[in-house]
Asks: 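Structure provided below as C-alpha cells; questions to follow.
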Amino acid sequence: MLRVYYLEGKRYKSCEPNIKNMTDFKGMDILNTKPLSKSEIERIMEVADGVLAVARKEEESDLLKGKILASLFYEPSTRTRLSFETAMHRLGGDVITVVGTESSSLAKGETLSDTAKVVEKFADAIVVRHGKPGAVDEMARAADVPVINAGDGDHEHPTQALLDLFTMIKERGIVDGLKIGVVGDLKYGRTVHSLVQLLAHYDVELILVSPDQLKMPGEVVSELSEKGVKYTETEDLEDAVKVADVVYMTRIQQERFNDQNEFEKFKNVYVLTREMIEKHNAKMTIMHPLPRVGEISLNVDELEGAAYFRQVENGVAVRMAILALLLGKV
Ligand code: ASP
C-alpha cells in the first residue's frame with residue numbers, strides 16, 4: 001500500500017519517506033515550482049542533460065519500459081501533451097490519453113478525485129492539464145501515483161518553467177549573473193508564475209515588462225522581494241531589450257479574459273522585432289513558451305539567439321528526466 005508523506009511541504013507517495021536524500025523524487029508530485037529546492041532543480045537539470053541525446057533522436061533508451069503514463073488534457077494543448085507523450089515513448093514506456101472533457105467521464109459529472117482514483121489503477125503516473133487553478137492538486141490528493149501539473153488555469157506550469165530554465169543553462173552556460181526580461185501577460189501567464197520561482201534560486205536580475213493591468217500577481221512579487229531577488233517593473237519592452245541577456249516573451253492569454261474587448265486592447269501590445277534586437281542587443285537570447293501569436297516577428301527566427309524551437313526539444317529531455325525521476329528509474 002502506498003502512503004502519502006509530506007516532507008518540507010512536498011508530497012511523496014512511497015512505501016518509505018526518504019528523509020536523508022531529498023533529491024530522491026520517487027513518488028513525488030510536481031504541482032508547482034515553489035517547493036522545489038535548488039538541489040532538486042539541479043538534479044532535474046542534470047538528468048535532463050543525460051537524456052538529451054535521446055530527446056534529440058541520436059540515441060535510444062528503454063528506461064521506462066513497462067511503465068504507463070496517463071495523459072489527461074482537459075484544456076487545449078499541442079506542445080505539452082505531445083512533449084510528454086514523446087518523452088514517455090522515447091524512453092520505451094506507453095501512454096494512455098484523454099483529450100478534452102467531452103470524451104471523458106468528467107462530462108458525465110464524475111469528480112476529479114474519482115477520475116484520479118480510477119486512472120491510477122491503469123497508469124504509473126498521471127499528467128494533467130485543467131482549466132481550473134488547483135484542479136491538479138485535487139487529483140494529486142486522491143491518486144497514489146505521481147501526478148504532474150501540465151498547466152492549471154492561470155496558476156502554474158511547472159514543467160514548462162523547468163524546461164525554460166534548462167534552455168537558459170544550455171544557451172547561456174550559467175544562470176547566475178543573467179539579466180532576464182519577462183514580457184507580456186504576467187497576470188494570467190502561468191509559465192511565468194512558475195519560472196520566476198525557479199529563477200529566485202539564482203543570482204539574477206529580472207525586468208518584468210507588462211501593461212499595468214497585466215502585472216505579475218502581488219503574491220509572486222512579494223515572494224521575489226522576500227527572497228531578495230532583484231527586479232524592476234516596467235511597461236516598456238525596450239527597457240528590457242536594451243539590457244537583458246535573455247528576453248522571455250509570452251502571449252496575452254485571450255482565454256482568461258471575461259471581456260474580449262479588454263483582450264483586444266492588449267493583444268498586440270508587445271512585438272519583439274528584428275530591428276529592435278539588432279539596434280540594441282544583437283547577442284541576446286530570445287525565448288517563448290509558444291504558441292506565439294505575433295509577439296516575435298517571423299524574421300527573428302533566423303537570428304542565432306532565437307531559442308524558442310530549441311526550447312521545444314529541450315522540453316522533451318526535461319519531461320523525460322521528470323518521468324524517470326518520479327518513477328524511481330534514476
Ligand atoms: N503553452 C503555454 C501554456 O500552456 C503558454 C501559452 O499557452 O501561452 O501556458
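Just follow the structure's listing: the first ligand is 1, and inside any ligand the first atom is 1.
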Asks: Please say whether R79 places an N or O atom under 3.5 Å from an N or O atom belonging to ligand 1.
Replies: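 No, since none of the N or O atoms of R79 sits under 3.5 Å from an N or O of ligand 1.
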
Asks: Work out which heavy atom in D152 is nearest to a heavy atom in R190; give both atom names and the distance.
Replies: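 Minimum heavy-atom separation between D152 and R190: N-NH1, 3.9 Å.
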
Asks: Are the charged groups of D212 and K215 less than 4.0 angstrom apart, N to O?
Replies: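 Judged by the 4.0 Å cut-off on N to carboxylate O distance, D212 and K215 do form a salt bridge.
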
Asks: P291 near ligand 1, heavy-atom distance under 4.0 Å?
Replies: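 Distance cut 4.0 Å: P291 passes for ligand 1.
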
Asks: Any atoms of ligand 1 less than 4.0 Å from a non-hydrogen atom of R251? List them with their elements.
Replies: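 Close to R251: 6 (C), 7 (O), 8 (O).
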
Asks: For L290, state whether at least one heavy atom is located under 4.0 Å from any atom of ligand 1.
Replies: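 It does; at least one heavy atom falls under 4.0 Å.
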
Asks: Test of understanding: given a 4.0 Å heavy-atom threshold, classify the contact between E295 and ligand 1 as side chain, backbone, both, or neither.
Replies: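 No part of E295 is near ligand 1 at this cut-off.
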
Asks: Is E313 paired with R90 through a side-chain N to carboxylate O contact shorter than 4.0 Å?
Replies: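 Not counted as a salt bridge, because no side-chain N and carboxylate O are separated by less than 4.0 Å.
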
Asks: Return the minimal non-hydrogen interatomic distance between Q260 and F257, and the atom names on each side.
Replies: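 The answer is NE2-O, 3.2 Å.
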
Asks: Under 4.0 angstrom from ligand 1, any heavy atom of Q160?
Replies: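 So Q160 does not count as touching ligand 1.
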
Asks: Ignoring hydrogens and geometry beyond distance, is a side-chain donor-acceptor pair present between E171 and T285 at under 3.5 Å?
Replies: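 Distance-only check fails for E171 and T285.
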
Asks: What's the shortest distance from atom 9 (O) of ligand 1 to any protein heavy atom, and which residue and atom give it?
Replies: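 Ranking protein heavy atoms by distance from atom 9 (O) of ligand 1, first comes R190 NE, 2.9 Å.
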
Asks: Looking at F73, does the NZ or CZ of R129 lie under 6.0 angstrom from its six-membered ring centre and within 45 degrees of the ring axis?
Replies: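 Ring-cation test returns no.
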
Asks: Applying a strict 4.0 Å limit to heavy atoms, is T250 in contact with ligand 1?
Replies: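 In this structure, T250 fails to qualify as a contact of ligand 1 - no heavy atom is under 4.0 Å.
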
Asks: Between E302 and R274, is there a side-chain N and carboxylate O pair less than 4.0 Å apart?
Replies: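 Salt bridge present between E302 and R274.
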
Asks: With heavy atoms of H157 as the reference, note each atom of ligand 1 found under 4.0 Å away.
Replies: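 The list of qualifying atoms is 3 (C), 4 (O), 9 (O).
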
Asks: Under 3.5 Å between some N or O of ligand 1 and some N or O of T191?
Replies: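 No, T191 has no N/O under 3.5 Å of an N/O on ligand 1.
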
Asks: Run the numbers for me: atoms of ligand 1, each under 4.0 Å from some heavy atom of Q253, listed by number.
Replies: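 Once the distances to Q253 are compared, the set is 6 (C), 8 (O).
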
Asks: Could you check whether Y270 and T250, counting side-chain N and O atoms only, form a donor-acceptor pair closer than 3.5 Å?
Replies: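 No, Y270 and T250 have no side-chain donor paired with an acceptor closer than 3.5 Å.
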
Asks: Find all atoms of ligand 1 within a distance of less than 4.0 Å from any non-hydrogen atom belonging to R129, and give their numbers and elements.
Replies: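 Ligand 1 atoms under the 4.0 Å threshold to R129: 4 (O).
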
